[in-house]
Trainee: 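Input: one structure, supplied below.
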Amino acid sequence: MRIHRPVVGYALEEPDTFLGSGFFVAPNWVLTCAHVACGGEGGEVVVVYGTTPGRGTSTAPGRVVATLPDRTDRTDRTGQALPAGNWPAPDLALVQLTEPVDDHECVYVSERPAAYYGEGRVLYAGWTENEGRLQVLDGTLTVQGTIGGWSSDVQMRLGDNDLPYGVSGGPVIDPERGEVIGVLKARSDHRPGGTSTGIEQLRTLRVPAEAVPAEHSDLYQAVFHAHDRYHRDRQRHPASRRQTWTDVQGRLGARPGRTLSPDERIQLLGRLAELPPPQSTRGLLDILDSLPELQAPTPLPAPRGWRDGLGALYESASDDGALELVLDYAMRAMSAPRPFVVPSTPDAEKALWVWVWQTAQRLSARYRSGLAEQRFERLRRREEAERDVPATVFGAHRVGSAARPSALLELVRRGWEPDRCDWSVSTAAPGGEVVRLHEAERTLLADLPAHLAGPLGEAFRHCDEPGRPALLQVALPHALLGLEVDTWQLTPGQEPLGTLRPVVVRCADRDLLPDEAFGAYGTDDLDGPDDLDAERRARWRWLHGHRARAEVLDCDEGLRKPVPTVEQLRALSHGTVPVLCRYGDLRYEDDAEALARIVLGGYGVALWRRRHGRADAVCGEFHRGTIDGIAEPPSAQHLPEAVHDLRMRLRAGRTESFWADGVALLYDDPHQPLPGAGDLLEAP
């Protein structure tokens with residue numbers, strides 16, 4: 001299909017109105033490049049598409065409902081206007097028809113990330129201008145590697161053929177499997193060929209902030225559920241004699257995972273698409289992790305829908321175990337917790353069970369018997385969990401963040417370039433396992449938020465649960481612990497990070513703290529590092545088993561006073577949470593030294609507020625607020641959520657929370673050590 005500016009009549013045959021190519025991914029949904037779709041006015045376009053063979057073309061109006069990156073104002077990540085025809089990767093757009101049509105075909109989109117497509121040739125198609133006329137163009141291209149962005153396979157390099165103007169937005173097809181794996185993005189200026197973006201980048205579409213009871217609230221799920229239902233219904237349409245994508249795939253003979261026929265795959269995906277989607281990416285990853293035969297690492301971007309999880313299985317199992325792996329996955333999807341339930345959900349679960357049971361007939365009687373038992377047991381456990389929802393949502397499990405996966409941002413300052421840093425983004429499991437997703441070097445500290453949008457967005461999708469944004473841990477050298485990470489805006493106009501989710505800081509160079517932090521006592525009278533570490537763990541355990549008590553260290557009724565020495569700090573009770581009132585104000589010691597003393601004193605939890613030079617600010621409300629606020633939760637486990645709640649109320653203009661303006665929280669779990677000093681990010 002081709003995409004035009006919104007005009008009328010015969011002007012749609014004129015090259016002057018032509019913007020580029022695209023294709024239907026689901027009924028009334030068009031996928032193309034963002035730089036193509038946003039070439040119209042106000043996000044409005046006209047789609048010209050072919051209908052049944054011999055009937056020519058039809059037109060339909062459409063509007064752009066999503067772009068990647070999400071910049072419909074045509075600005076880059078610094079807010080500067082983009083040049084005409086340019087758009088940063090992934091450069092994708094979804095166009096929704098504003099009038100319903102039912103006479104178009106939809107492509108078949110692969111469930112597997114394009115990264116699995118290593119070498120060989122691909123097919124492409126699109127429209128272009130030739131001698132003053134608009135014509136269809138297709139051909140082959142060779143795969144020549146990838147161009148990395150924040151993810152290693154954002155774009156695929158293609159060569160050995162010319163890509164004229166207009167084909168951008170057209171499909172890239174795996175000829176061996178007969179499925180679309182990407183979208184043509186750009187042609188090369190210096191050689192034949194160009195680049196394409198993998199379809200899987202659509203997984204990074206914005207996730208709804210809250211769990212809401214409707215599939216259409218999540219654009220990604222709505223489009224691909226409609227895609228899978230379309231191909232299932234198209235294949236079993238009794239009156240149609242036209243070939244389907246499934247028919248073509250059957251003749252090609254390539255079966256993903258070598259275990260499901262194209263028809264079996266279509267039927268399974270169609271049934272999965274009748275279910276409500278997974279509760280979250282985190283919930284889907286937990287399902288995949290529970291499969292004993294799954295060996296492959298999690299692809300990037302992480303799977304988001306049921307079809308993505310199925311795609312992750314294809315490269316994992318040996319031939320003799322692949323079918324059992326697929327059936328085990330379908331059983332977990334059938335009994336998974338639901339973000340919402342619609343009247344058709346019980347029927348959808350039953351239909352999926354019928355498919356599983358019929359497909360399992362080629363396996364042993366012992367395995368089939370186990371499936372039946374598993375079905376009843378899983379449904380029973382889900383019913384019990386649903387009965388317990390009020391207790392987990394409003395009780396202690398709803399508030400605490402400690403036992404949930406979290407995102408981890410690590411910064412290392414470059415000693416000879418103090419305005420630059422090396423950094424990485426990872427996910428951290430409650431048991432301590434850290435999986436790195438992205439890393440970079442020599443980034444200007446001032447520009448860091450703009451570089452973090454993609455990597456942190458991916459980490460958050462790994463960890464977030466519906467209505468429960470995951471904790472962000474930011475590991476900083478002690479000299480940067482005051483960095484205002486909670487105020488960062490990752491994209492223009494977005495809420496600050498600290499408003500969107502709990503944000504805490506950790507000390508990344510505990511073993512490199514300066515001697516002056518020990519104060520007048522020096523280091524001679526202190527115990528060895530093993531004793532200090534044992535004391536730190538003991539304080540942490542006490543704070544997470546009892547109510548805490550705030551101790552304002554540097555202010556007495558508004559008067560400055562020195563932060564106690566390390567030895568004096570160690571003498572305070574294990575239930576103490578140190579509080580700094582005058583951080584950023586004129587004081588007896590600088591801010592970095594004050595925080596270093598607290599860290600060396602064995603404290604993993606501390607709180608301070610950034611005064612921003614307000615030396616005369618009245619601090620009584622801050623003292624009262626921290627004393628009450630820290631003592632109110634049953635344990636320190638709840639402090640990250642409590643501080644997040646304060647930041648949200650501040651953002652909403654709640655006067656009673658104004659005392660917490662600029663508040664920051666050190667939350668440094670000694671039982672979850674940061675990755676070792678031998679990592680890439682240690683500055684030489």
Side-chain angles (χ1 to χ4, degrees), residues 1 21-26 31-33 90 92 105-126 136-147 151-161 163 167-186 193-203 223-224 227-228 230-231 234-235 243-266 268-269 296 299-301 303 305 307-316 322:
M1 81 170 49
S21 304
F23 51 96
F24 282 106
V25 288
L31 180 61
T32 183
C33 286
L92 294 175
E105 295 278 353
C106 299
V107 304
Y108 185 83
V109 174
S110 175
E111 309 94 274
R112 309 183 315 155
Y116 289 145
Y117 193 90
E119 298 178 353
R121 302 185 71 83
V122 293
L123 305 176
Y124 76 94
V136 175
L137 180 71
D138 58 39
T140 62
L141 294 162
T142 58
V143 179
Q144 298 181 340
T146 59
I147 301 173
S151 175
S152 61
D153 57 340
V154 165
Q155 296 181 65
M156 190 159 58
R157 293 176 57 238
L158 305 172
D160 290 345
N161 210 332
L163 292 176
V167 296
S168 291
V172 176
I173 303 165
D174 175 353
E176 293 186 5
R177 299 183 183 275
E179 54 194 28
V180 174
I181 61 173
V183 181
L184 283 173
K185 170 175 166 51
T195 62
S196 73
T197 297
I199 292 283
E200 72 278 0
Q201 294 300 322
L202 286 174
R203 299 177 189 175
V223 169
F224 279 102
H227 170 278
D228 288 334
Y230 165 84
H231 284 285
R234 181 79 175 78
Q235 182 65 15
Q243 285 197 96
T244 66
W245 279 72
T246 310
D247 294 332
V248 174
Q249 289 172 328
R251 290 202 308 274
L252 292 173
R255 291 196 265 172
R258 299 175 297 281
T259 189
L260 296 179
S261 70
D263 183 67
E264 288 174 326
R265 180 170 57 144
I266 290 296
L268 172 57
L269 286 169
L300 293 178
R307 71 184 333 264
D308 307 331
L310 183 63
L313 306 184
Y314 290 158
E315 309 300 317
S316 302

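Treat the numbers as computed from the prediction; the structure is a model and nothing was measured.
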Trainee: Roughly how far, to the nearest 0.5 Å, is OH of Tyr230 from CG of Leu269?
Mentor: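 Between Leu269 CG and Tyr230 OH, I get 15.0 Å after rounding to 0.5 Å.
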
Trainee: Quick one: closest heavy-atom pair of Val183 and Cys33, and the distance?
Mentor: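 The pair with the smallest heavy-atom distance is CG1-SG, 4.0 Å.
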
Trainee: Is there a side-chain contact between Leu163 and Leu158, using heavy atoms and a 4.5 Å cut-off?
Mentor: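 Not in contact.
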
Trainee: Before giving the answer on side-chain contact (heavy atoms from CB on, under 4.5 Å), spell out for Ile199 and Ile181 the whole-Å C-alpha distance, their side-chain angles and the decisive distance to 0.1 Å.
Mentor: CA-CA 6 Å; Ile199 292 283; Ile181 61 173; 5.6 Å; no

Trainee: Testing Leu184, Val172, Ile173 one by one against Val122 for a side chain to side chain contact (heavy atoms under 4.5 Å, CB included), which residue passes?
Mentor: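 For Val122, the side chain to side chain contact (heavy atoms under 4.5 Å, CB included) test succeeds with only one of Leu184, Val172, Ile173, which is Val172.
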
Trainee: Is Thr32 reaching over with its side chain to a backbone N or O of Ser21, donor-acceptor style, under 3.5 angstrom?
Mentor: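 A pair under 3.5 Å: yes.
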
Trainee: Not counting sequence neighbours, which residues clear side-chain hydrogen bond (donor to acceptor under 3.5 Å, both in side chains) with Tyr108? List them please.
Mentor: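 Here the qualifying residues are Glu111.
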
Trainee: Any chance you could measure Leu31, atom CG, to Leu92, atom CG, to the nearest 0.5 Å?
Mentor: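 CG of Leu92 is found 5.5 Å from CG of Leu31.
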
Trainee: Which heavy atom of Lys185 sits nearest to which heavy atom of Ser168, and what is that distance?
Mentor: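 Here Lys185 and Ser168 meet closest at O-OG, 3.1 Å.
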
Trainee: Hey, what do you get for CZ (Arg307) to CZ (Arg265), rounding to the nearest 0.5 Å?
Mentor: 8.5 Å

Trainee: Less than 4.5 Å apart, side chain to side chain, heavy atoms only: is that true for Leu202 and Val223?
Mentor: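 Contact flag for Leu202/Val223 side chains = no.
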
Trainee: Rounded to the nearest 0.5 Å, how far apart are CZ of Arg121 and OG1 of Thr140?
Mentor: 3.5 Å

Trainee: With sequence neighbours excluded, tell me which residues meet side-chain contact (heavy atoms from CB on, under 4.5 Å) with Asp308.
Mentor: Arg203, Tyr220, Pro303, Arg304

Trainee: Return yes if some donor-acceptor pair links the side-chain N/O of His227 with the main-chain N/O of Phe24 below 3.5 Å, else return no.
Mentor: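 A pair under 3.5 Å: no.
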
Trainee: If the condition is side-chain hydrogen bond (donor to acceptor under 3.5 Å, both in side chains), which residues does Ser110 pass it with, not counting sequence neighbours?
Mentor: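 With sequence neighbours excluded, Ser110 shows a side-chain hydrogen bond (donor to acceptor under 3.5 Å, both in side chains) to Glu179, given in chain and number order.
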
